[in-house]
Amino acid sequence: MKTDAFALRHIGPREHDVTHMLKTIGVASMDQLVYETFPDDIRLKSPLALDPAMTEYEYLNHIQQLGNQNKIYKSYIGMGYHPTIVPPTIQRNIFENPGWYTAYTPYQAEIAQGRLEALLNYQTTVIELTGMEIANASLLDEGTAAAEAMALLFDVRTRDQKKNNVNKFFVSEEILPQTLSVLQTRSTPIGVELVVGNHEEFAFGDDFFGAILQYPGKYGQVFDYGKFIASAKAKDIKIAVAADILSLVKLTPPGEMGADVVLGTTQRFGIPMGYGGPHAAYFATKEEYKRSMPGRIIGVTVDANGNRALRMALQTREQHIKREKATSNICTAQVLLAVMAGMYAVYHGPKGLHYIADTVHASAVTLADALNTLGVYQTNTAFFDTIVLKADAAKVRAIAEKHEVNFFYPDADTVSISVNETTSIADLNQIVSIFAEATGKTRNTITALSSATHYPENLKRTSDFLKHDVFNKHHSETALMRYMKMLERKDLALNHSMISLGSCTMKLNAAAEMLPLSMANWNSIHPFAPIEQAQGYQTMLKKLEQQLNVVTGFAGTTLQPNSGAQGEYAGLMVIRAYHESRGDSHRNIALIPASAHGTNPATATMAGMQVVVTKTSENGNIDVEDLRAKAIEHKDNLACLMVTYPSTHGVFESAIIEITKIIHDNGGQVYMDGANMNAQVGLTNPATIGADVCHLNLHKTFAIPHGGGGPGVGPICVAKHLVPFLPTNPIIKTGGDQAITAISAAPWGSALVCLISYGYITMLGAEGLTDSTKNAILNANYIKERLAGHYDTLYSGEMGRAAHEMILECRPFKEKGIEVTDIAKRLMDYGFHAPTVSFPVAGTLMVEPTESENLEELDRFCDAMISIRKEIEAASADDKNNVLKNAPHTQAMLTADDWNFPYSRQQAAFPLDYISDNKFWPTVRRVDDAYGDRNLVCSCAPIEAYMES
Ligand SMILES: *Cc1c(COP(=O)(O)O)cnc(C)c1O
């Protein structure tokens, strides 16, 4: 046996464990288990056609060599992406630290206080820099944040405006081109008409509900929008402003000019460009719109002792509750990047941010002066970091590229240069010499930065920001390192124990997959760099697309979507474009089974489709007769079915081939939600079951870490007839020859983290991938058998097997006064993160162990669940003072002088032997969600201000 095979590192169960596990399940072999799990007619007949697997060592050499084909030029391209300095201590202690990057979205607040605090810092930074009242944490990129702003203003237009029937949205021509493209994609299906124009010449009619501006404009001009905003307000038209976050340190924040929404990217707060992403977008608005806010808001509340605690506020599960009435489908949302950006603000503090912004501005001013001396004419008059010049673009470009320098060239006579945090005086001299060469003149050497300011006096920021303690005391590395560690210790991540969240696939994120993200050749490329400079990326991305084509059985893939939900959206927009191309633009009905993930109906609505819900039969499967009836009823207008496979109930429905045929027979396309792909890879695929398009969650099945709620990559893979419609980008063309407009801002979305999935597939190969699937099924069925007799499993396949996850029945425990939440909280005392609570069935737990967990960990989890089951048995509905209701137990409770509970301290915190070796202490008692929602506080206001409320 090759003991250096990566599969042996990725997959948990050892050979001898497998024998024991199969025996427990009651099958003779892995093949028999798979046979009993899987409908026979969808089994793949041959292995995946992938290259032989590489070892970790081979892969790291390979990726280093491939990385050498990416050329790192000095980037002054700007256009929403800038070189930045990732503070080394943040890189090492957060970006490269599994304690941060393997955590999940902080649904279980008591064991997530660390990242919740980091996100509160992020929100505070955004609120104060923009001058707004509330902010979320966070969105996918600036382009989609702009689209969310448009959707929010459209949604609230009837509230305080008599504007029920108006649908026009003004877009300043100063908007970034990729943002405009995303706005175009998102506006049409919901019935918004975009009017693009010059804000200085434009006069509003009565048929407008809102407008969006870019601040500073796309070519660096700092406009005074005061008059424009006032004229809009006079007509009750709402304003969104896409603003450069660093410029807000120096410029009057849009909130002080009356903006209703302010949004943008926080990339330049210490996040590598990564050839386009991932980066966190920010979104800030007014208190009155809090209930329409997309994404997640972190808020302050109290725990069972009345102590301050943090948790996700309000719309935590918005799509799950609102479903087709939701106006946004944001779920995964760049949390790790928001944590890093917030920490950048903590590290630098207000003084440091002023210093950085002052230096950037001074560099731009100095450069403009020097070029002026050379006789180069500058077209923008007021600017922060970007200067625009009249020059022979082709000539300048040839010289610049010879010196390994990239500018942006809007047209043949224009060169745009954005300077940034990394720009030195030597860099400025290099730029000047490029122009000296182009103009044939001799240059003077710059020796110091200018102290002049080149934006209008009345746009100078006068308000303070970031006065809170947290931004003013962690400025030495030791202090910051300890602050980050203090937060990390409050959070339970995969480096502590299994996180068996059903539908979320929390598998190993291997170090060998992660290491390349820190290599400069991969993380320092601008998304709009000329393609010849990014050959390493081009090769890697194409190979990954091919690998995903092989895995899904499809013909084409786009990597653009930045989350699963955004993949769903891309998929439906492609289906829409396909129908339109055939003159079938009336096809707008989306059939969605009742058990679908909340993002499905929300997405269908965003894609302009009408949702028709189909029934689930008693055994949890799709009710085929109901589906058939509805497909026939709507056959003239049927657009698609959205189906999750294996089902959200964790079962391979044997009727799937019949189901997809019914849809096709009635003129619809089949969209497969691929979140459960971990149960399929190598055994079956979406093409075989008859789907036309699916999204994959690379942050579930393909090993990208969840990062506490993002990054994510949600590529869609499509059958041949849909390939022409895959999305493009306005600056670097991608996609098919009838491409839809952009889904995300960057051409290849979050290209940097695509490396992780590429590494995963390349190191596992066909056999390792298939073995992973089999072991995921093995682990799930092992848990199911071990818990049999203690917990019922709600649904199983025809031969009694689960797929890669199972739903545990907890509703009968209500008789004992025990809710499913009590079990989730009690698991914390046992050192585990809860499985998925109340999805897809309220009052149940959905468990997905994944292939990466070994037998010992599965046994510890089962022991914990069985022990909790005994505690439930001992509970009584009349007495709420028990070990489950009081869970989780904190160290403070346990060590307090008083112990007034009717069970022992040992029972509370160390109910099983294994716990003392690896005790995890929740840092707060159970949080009070309702209190926090009634008193929404979403910034780190001083503690006194919070006490007053
Ligand atoms: C996770 C998930 C999604 C959404 O993916 P995000 O990346 O969080 O947007 C959609 N459908 C199902 C079934 C999922 O489990």
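The first residue of the sequence shown is numbered 1, and numbering continues consecutively from there. Below, each value reflects all heavy atoms present in this structure, side chains not excepted, and no hydrogens, waters or symmetry copies. Just so you know, ligand 1 is whichever comes first in the structure, and atom 1 is the first atom listed for that ligand.
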Student check: side-chain heavy atoms of F554 and L548 closer than 4.5 Å: no

Tell me the protein heavy atom at minimum distance from atom 15 (O) of ligand 1, and give that distance in Å. S503 OG, 2.5 Å

T648-ligand 1 polar pair, N/O distance under 3.5 Å: no

Are a donor atom and an acceptor atom from the side chains of N600 and E568 found within less than 3.5 Å of each other? yes

So, E848 and T505: side-chain donor and acceptor under 3.5 Å apart, yes or no? yes

In a check of side-chain contact (heavy atoms from CB on, under 4.5 Å) between I756 and each of V713, N509, L517, which one passes? L517

Taking only heavy atoms of E568, which atoms of ligand 1 are found under 4.0 Å from at least one of them? 10 (C), 11 (N)

If we number the atoms of ligand 1 from 1 as shown, the ones under 4.0 Å from a heavy atom of S563 are 7 (O), 9 (O)

Pull out every atom of ligand 1 sitting under 4.0 Å from any heavy atom of D673, numbered as shown with elements. 10 (C), 11 (N), 12 (C), 13 (C)

C331 heavy atoms, cut-off 4.0 Å: which ligand 1 atoms fall inside? 8 (O), 9 (O)

Taking the six-membered ring of F652, is NZ or CZ of R801 closer than 6.0 Å to its centre and within 45° of its axis? no

Any ion pair linking K774 and E851 (charged N to carboxylate O, less than 4.0 Å)? no

Please write down residue, atom name and distance for the protein heavy atom closest to atom 8 (O) of ligand 1. T332 OG1, 2.7 Å

Below 4.0 angstrom from a heavy atom of G564, which ligand 1 atoms are there? Numbered from 1 as shown, please. 5 (O), 6 (P), 7 (O), 9 (O)

Relative to the heavy atoms of A565, which atoms of ligand 1 are at a distance of less than 4.0 Å? 4 (C), 5 (O), 6 (P), 9 (O)

Measure the distances from the heavy atoms of K700 to every atom of ligand 1 and state whether one is below 4.0 angstrom. yes

Got an N/O contact under 3.5 Å between N697 and ligand 1? yes

Do you know the tightest heavy-atom contact between A112 and P106? CB-CB, 3.5 Å

Calculate, to the nearest 0.5 Å, the distance between atoms CG and CD1 belonging to L683 and I777 respectively. 5.5 Å

